[in-house]
Amino acid sequence: MGMDLFATLNTAMLGMYTQQTAISVVANNVSNANTPGYSRESPVIVQTPPMVLGTLTQAGMPMIFGTGAEVKDIQRIRDPFLDTQYRQSNSSLGFWNEVNTQFKYIEQLFNTTNSNGLNAYYSNFWSAAQQLATNPTNVANQEGFVQSAKALIDNVKSVYSSLEQMKTNYTSQIQTQVGNINSILKQIADLNVKIRESSVIGNTPNQLLDQRDLLLDQLSNLTDFTLTNMSGNQISINIGGTNVLSGQTYVPLNFQNVAGEPNAAFVTANNLPVTFTQGEMGALFNLRDKIIPQYETQLNSFALNLTDKVNTILEQSYDQNGNLGQPLFIVQNAAGQPTSLYRIMSSNPPSGNVYNSSAPVGNIFTNLPVSITLNVNGALININTSVDTLNSIVSKINSANVGIEASLSPRGNLVLRATSAINFDFMRTNSNGTTNPVSISESDNGVPGNALLDALGFQTNNNSIDFSSYSNNPDGLEVPAKNAAMSISVNPVLISNPSYVGTDFSPTFNGATGTVGPTGPQGNGGIEQIVALDSDSNPQSFSAYFSNLVSQLGIQGQNATAMYNNANSLVNQISQDRQQVSSVSINDELAQMILYQNAYTASAQVISTVNSMLQTLVSMVR
């Protein structure tokens, strides 16, 4: 007989209820327009099941009548792809924000352009050396030279100490952020339980999902992670390849200290180390374990080079009293602490004798084979003794770039120093105390030999330099294996009596060899050699060191700023894209509200009309 009026009345009532529910969704959206992490909701309106009924006009042909509409679900509007993009970019932003901020502190620490910076103290020291060279007998010049050295090394140690403190601060931040990550993981695990319980009974827990997504956004700033969806709307999280959350179970991160190494602490989960590459955690580990040690290594290199090169010249020069000079710097090795063999020096020529560094070595030493090959840490250096000089041998060793720097003392002793490439240690001592010494061996006319090494006065064994024999040897310099710059101080003897500074070195040559002795208080050949260490033409000069340091700081700082700006722009763009999808637009919500209001009014009008029809029908029956 078709739909009766009561069925039509029910359809209209469903329409009113559906539109009322939709308006409630709009009201909730408007109320949460400024709520952090809130995702816009939209009612999913679907038709209710139809009815199949016969009609008076077509009794044999039933018709399908609609029964109205209902809100099947309230949908959360999100774009999972944009969420993934945002979190990846936010991890990068967290990384570069921390690195960029810290580089500004590092630049301030070095003060490369400041009158109180390391570069200024260095310039003052060299100016004092030049002043002393003009008048070695002037007491004020002597005192100025010693005091400027003290100010320089004190500043080096101050900068180094500050770098160590920065590493300590990073370690403390790592520990704090481990607690924050654990807090987030626990909250997500708790939400996973509630989300699963709600999903199992057929509900869509939009509010809980919003809370979880907000926590994931926060986590992404701290570290990068991979997320996997599970049944019941649950998720699992991996950090650095280690699973730290699976549904309602999370594995807390543990901050692990290392005995005797306060700045070597690391993070584990389930007794497995966790690696952080992005986010603030990735930046903190990178700063503590790579960037800061890189600058500490440069400071160690500068301090050790300055100490040994200046000392070598002063100790072979003569002071105002005609005696061999005192070392300007003292390296103090702590008892029981590991040391590194930083420098060895040939014992020839002995005190009072000199070699002409521009003469062929065959003229300095008799009975040398014409062809000699030195194997310096794997690099073969061919020497023609009738042509090659001590200067050219030094140049060839340095050109090999095998972690060994060669130079000559004022008398012509061959000095070999271990660079940062081999951790300033010819013995290459491992953390467990075992050694793997650098190899420097010789072959003469293609046959193993040691003619040149012996002539120079190196300690040898089986045609190779015996590095182990330079421990507690005046021709060897051992320095602390760690934080060597912090062990250096100015010789208190020179602070008390700067006249002991060796300024005089004036050799007399007779062909390839010669002699040297004190020439008088006005002698300045030694201090002039110190001044020459800073020559712009010398690629190993200290000016080159500071130029490289300033350049490196500038390049790395600019790169960090550029990467931060790029990451920030990308996060802002993706954030805007996410907001366009998920955020609440008041204008759009008002438009939807009017649409639902009109439908609600129309449904109410249908009820009014059906009511009038029913009254008419009742009147007819009476």
Side-chain angles (χ1 to χ4, degrees), residues 1-32 38-80 192-210 212-213 229-234 581-582 584-585 588-621:
M1 297 297 294
M3 285 190 68
D4 58 26
L5 291 176
F6 290 103
T8 303
L9 183 63
N10 184 68
T11 298
M13 289 178 63
L14 282 176
M16 290 183 66
Y17 180 75
T18 297
Q19 306 311 316
Q20 178 182 329
T21 302
I23 290 176
S24 296
V25 173
V26 170
N28 187 52
N29 283 341
V30 173
S31 297
N32 288 282
Y38 178 77
S39 301
R40 177 170 58 88
E41 295 179 344
S42 177
V44 180
I45 301 175
V46 298
Q47 297 183 61
T48 54
M51 296 174 62
V52 180
L53 301 170
T55 63
L56 289 173
T57 56
Q58 296 179 337
M61 296 180 61
M63 298 183 67
I64 300 175
F65 291 88
T67 59
E70 64 178 350
V71 176
K72 182 181 181 181
D73 193 12
I74 299 176
Q75 186 178 49
R76 194 174 67 119
I77 308 302
R78 300 282 295 199
D79 187 333
N192 271 346
V193 174
K194 297 176 182 178
I195 289 170
R196 181 179 179 278
E197 290 173 349
S198 181
S199 299
V200 166
I201 60 176
N203 292 334
T204 304
N206 292 338
Q207 182 182 6
L208 299 176
L209 292 172
D210 282 345
R212 190 175 70 184
D213 279 331
N229 292 314
M230 302 172 61
S231 61
N233 277 326
Q234 297 187 99
V581 173
S582 299
V584 176
S585 168
D588 290 347
E589 295 303 315
L590 290 178
Q592 288 294 106
M593 184 180 67
I594 292 172
L595 181 67
Y596 298 141
Q597 181 185 16
N598 288 339
Y600 182 91
T601 301
S603 294
Q605 185 62 45
V606 171
I607 291 175
S608 178
T609 301
V610 171
N611 182 54
S612 177
M613 292 171 66
L614 286 172
Q615 291 178 3
T616 301
L617 183 60
V618 170
S619 297
M620 289 174 61
V621 172

Seminar exercise, completed: By side-chain hydrogen bond (donor to acceptor under 3.5 Å, both in side chains), E70 pairs with (sequence neighbours left out) none

N/O donor-acceptor pairs under 3.5 Å from side chains in residues 15-25, not counting sequence neighbours:
| from | atom 1 | to | atom 2 | distance (Å) |
| --- | --- | --- | --- | --- |
| T18 | OG1 | L14 | O | 2.8 |
| T18 | OG1 | A69 | O | 2.8 |
| T21 | OG1 | Y17 | O | 2.9 |
| S24 | OG | Q20 | O | 3.1 |

Exercise. Taking only residues two or more places apart in sequence, or in another chain, which ones meet D73 in a side-chain contact (heavy atoms from CB on, under 4.5 Å)?
Worked result: V44, T204

For this session: With sequence neighbours excluded, tell me which residues meet side-chain hydrogen bond (donor to acceptor under 3.5 Å, both in side chains) with N192.
Result: R212

For this session: Output all residues satisfying side-chain contact (heavy atoms from CB on, under 4.5 Å) with S31, sequence neighbours left out; order by chain, then residue number.
Result: none

Exercise. Could you give all pairs that pass the salt bridge (charged side-chain N to carboxylate O under 4.0 Å, His left out) test and reach residues 7-28, with sequence neighbours left out?
Worked result: none

Seminar exercise, completed: Separation between CG (N28) and CD1 (I74), nearest 0.5 Å, reads 8.0 Å

Exercise. In chain order, what residues pass the side-chain contact (heavy atoms from CB on, under 4.5 Å) check against Q47, with sequence neighbours excluded?
Worked result: none

Problem set entry | Partner set under salt bridge (Lys or Arg N to Asp or Glu O under 4.0 Å) for D210, not counting sequence neighbours | R76

Side-chain donor-acceptor pairs under 3.5 Å in residues 590-598, sequence neighbours left out?
| from | atom 1 | to | atom 2 | distance (Å) |
| --- | --- | --- | --- | --- |
| Q592 | NE2 | Y596 | OH | 3.0 |
| N598 | ND2 | I594 | O | 3.3 |

Exercise. Does CE belonging to M613 count more than 12 external heavy atoms closer than 6.0 Å?
Worked result: no

Exercise. Side chain of S612, backbone of S608: donor and acceptor closer than 3.5 Å?
Worked result: no

Problem set entry | Euclidean distance, I607 CD1 relative to T11 OG1, rounded to 0.5 Å | 10.0 Å

Seminar exercise, completed: Hits for salt bridge (Lys or Arg N to Asp or Glu O under 4.0 Å) against R78, two or more places apart or cross-chain, chain-then-number order -> D83, D213

Exercise. Roughly how far apart are S199 OG and L209 CG, rounded to 0.5 Å?
Worked result: 7.0 Å

For this session: Kindly compute the distance separating CD (Q75) from OG (S39), expressed to the nearest 0.5 Å.
Result: 11.0 Å

For this session: Would you mind reporting whether T601 and Q605 have side-chain heavy atoms less than 4.5 Å apart?
Result: no

For this session: Measure the spacing between CE of M13 and OG1 of T8 and express it to the nearest 0.5 Å.
Result: 13.0 Å

Exercise. So, do T67 and N10 sit near enough that their side-chain heavy atoms are less than 4.5 Å apart?
Worked result: no

For this session: Can you sort out the partners of R196 under side-chain contact (heavy atoms from CB on, under 4.5 Å), two or more places apart, ordered by chain and number?
Result: V200, Q234

Exercise. So how far is it from D588 CG to N29 CG, rounded to the nearest 0.5 Å?
Worked result: 10.5 Å

Exercise. Can you name the residues that form a side-chain hydrogen bond (donor to acceptor under 3.5 Å, both in side chains) with N206, not counting sequence neighbours?
Worked result: E41

